[in-house]
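Heads up, the thing below is written out as structure tokens.
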Amino acid sequence: MELLLSQSCIWWPMVGEGRTVISCGIKTMERSGNYLIWLQKGEMLLKPHSHVQVFEGAEDNLPDRDALRAALAIRQLAEGLTADDLLLVLISGGGSALLPAPIPPVTLEEKQTLTRLLAARGATIQELNTIRKALSQLKGGGLAQAAYPAQVVSLILSDVVGDPVEVIASGPTVASSHSVQDCLHIVNRYGLRAALPRSVKTVLSRADSDPHGPHSCGHVLNVIIGSNVLALAEAQRQAEALGYQAVVLSAAMQGWGTPAAHRDDRYQCHGHPPLVPAASVMA
């Protein structure tokens, strides 16, 4: 896929192994345009006089004031784009912590507290991201909306089983399909309705009464470029090239447990041990 880049591009965010991806792309980025890169602290150093602007924050994968500063800079860049621009966004898992921009009057501290309370009571990542999106200026399609009328292309590295683009990094370029009632259902499920700050109630009530309804993201192309499914397919191909009979056992394993490859009945799908060396592939 070839893309003609405008003078503005957000390369956001890269965490963990994403450090390698940034290093691979930095030379291309240096040749044209002005860029914002947003990543966790200590991930990358630039050459002197680079015009690539790097923000670091969200230490220990927790949103902080540095992350908020970067999020506002990204929003400002996006809002300055025109219909002649193309915004390229690279999204990877962990982006929820790296792009905190609460809708006023909600504060960063209030949003953090609510997220911690939900997590402590067992809320799933999908439930946490539903709340995060409802209270964010940039998540749940907010970044794409800020960039309108520019065209937006998001290249996404998935860390979520099934690759739901609206969940990965809380979907900054994907319109949220959740309603205020969904949010209230979640906080009620975990007994936190009474603990909601007044600011959170204010933001939710505004969204519920918005005459324009949820915004769309028709100017956005979201592309999954890396995921468990893609990695497993390539691992299977490589194993078969080495002469193994490779079987993908699962692309959806979550939590802790005995790996399927170690089960005593691992040959049950064949009825007998395979005639060629076997390789089990799962993620």
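Values below: every heavy atom of this structure, side chains too, minus hydrogens, waters and symmetry copies. Note that the structure is predicted; figures quoted are calculated from it, not measured.
- Asn222 contributes a side-chain N or O that, together with a main-chain N or O of Thr173, makes up a donor-acceptor pair within less than 3.5 Å.
- With Ile224 as reference, Ile168 is the one residue of Leu157, Ile168, Leu155 to meet the side-chain contact (heavy atoms from CB on, under 4.5 Å) rule.
- The shortest side-chain heavy-atom distance between Glu240 and Gln236 falls under the 4.5 Å cut-off.
- A 4.5 Å side-chain heavy-atom check between Val203 and Pro105 finds at least one atom pair inside the cut-off.
- The CD atom of Gln145 sits 13.0 Å away from atom CZ of Arg75, with the distance rounded to the nearest 0.5 Å.
- Rounding to the nearest 0.5 Å places CG of Leu138 at 8.0 Å from CG of Leu72.
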What verdict does the side-chain contact (heavy atoms from CB on, under 4.5 Å) test give for Arg189 and His185, after you've listed the backbone C-alpha separation in whole Å, the side-chain angles of each residue and the deciding distance to 0.1 Å? CA-CA 6 Å; Arg189 176 182 300 169; His185 179 70; 2.8 Å; yes

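- In terms of heavy atoms, Ala83 sits closest to Pro149 at N-CG, 3.6 Å.
- Considering every non-hydrogen atom in both Arg132 and Ile125, the closest pair reads NH1-CD1, 3.9 Å.
- Side chain of Asp85 to main chain of Ala150: no donor-acceptor pair is present (N/O by atom type, distance under 3.5 Å, no hydrogens or angles).
- Listed by first and then second residue, the salt bridge (charged side-chain N to carboxylate O under 4.0 Å, His left out) pairs that reach into residues 166-178 come to none, sequence neighbours excluded.
- Here the side chain of Ser154 pairs no donor or acceptor atom with the backbone of Ile156 at under 3.5 angstrom.
- Annotation: side chain of Glu127 is not in contact with side chain of Leu118 (no heavy-atom distance under 4.5 Å).
- Contact check for Thr115 versus Ile131: no side-chain heavy atoms found under the 4.5 Å cut-off.
- Listed here is the closest heavy atom pair of Glu110 and Ser199: OE1-OG, 2.6 Å.
- For Arg237 and Glu234, the salt-bridge test passes: some basic side-chain N is under 4.0 Å from an acidic carboxylate O.
- Looking at heavy atoms from C-beta onward, Leu68 lies in side-chain contact with Pro102 at the 4.5 angstrom threshold.
- Distance alone, capped at 3.5 Å, is enough to place a donor-acceptor pair between the Lys139 side chain and the Leu99 backbone.
- Looking at Gln112, its side chain does come within 3.5 Å of a backbone N or O of Pro63 through a donor-acceptor pair.
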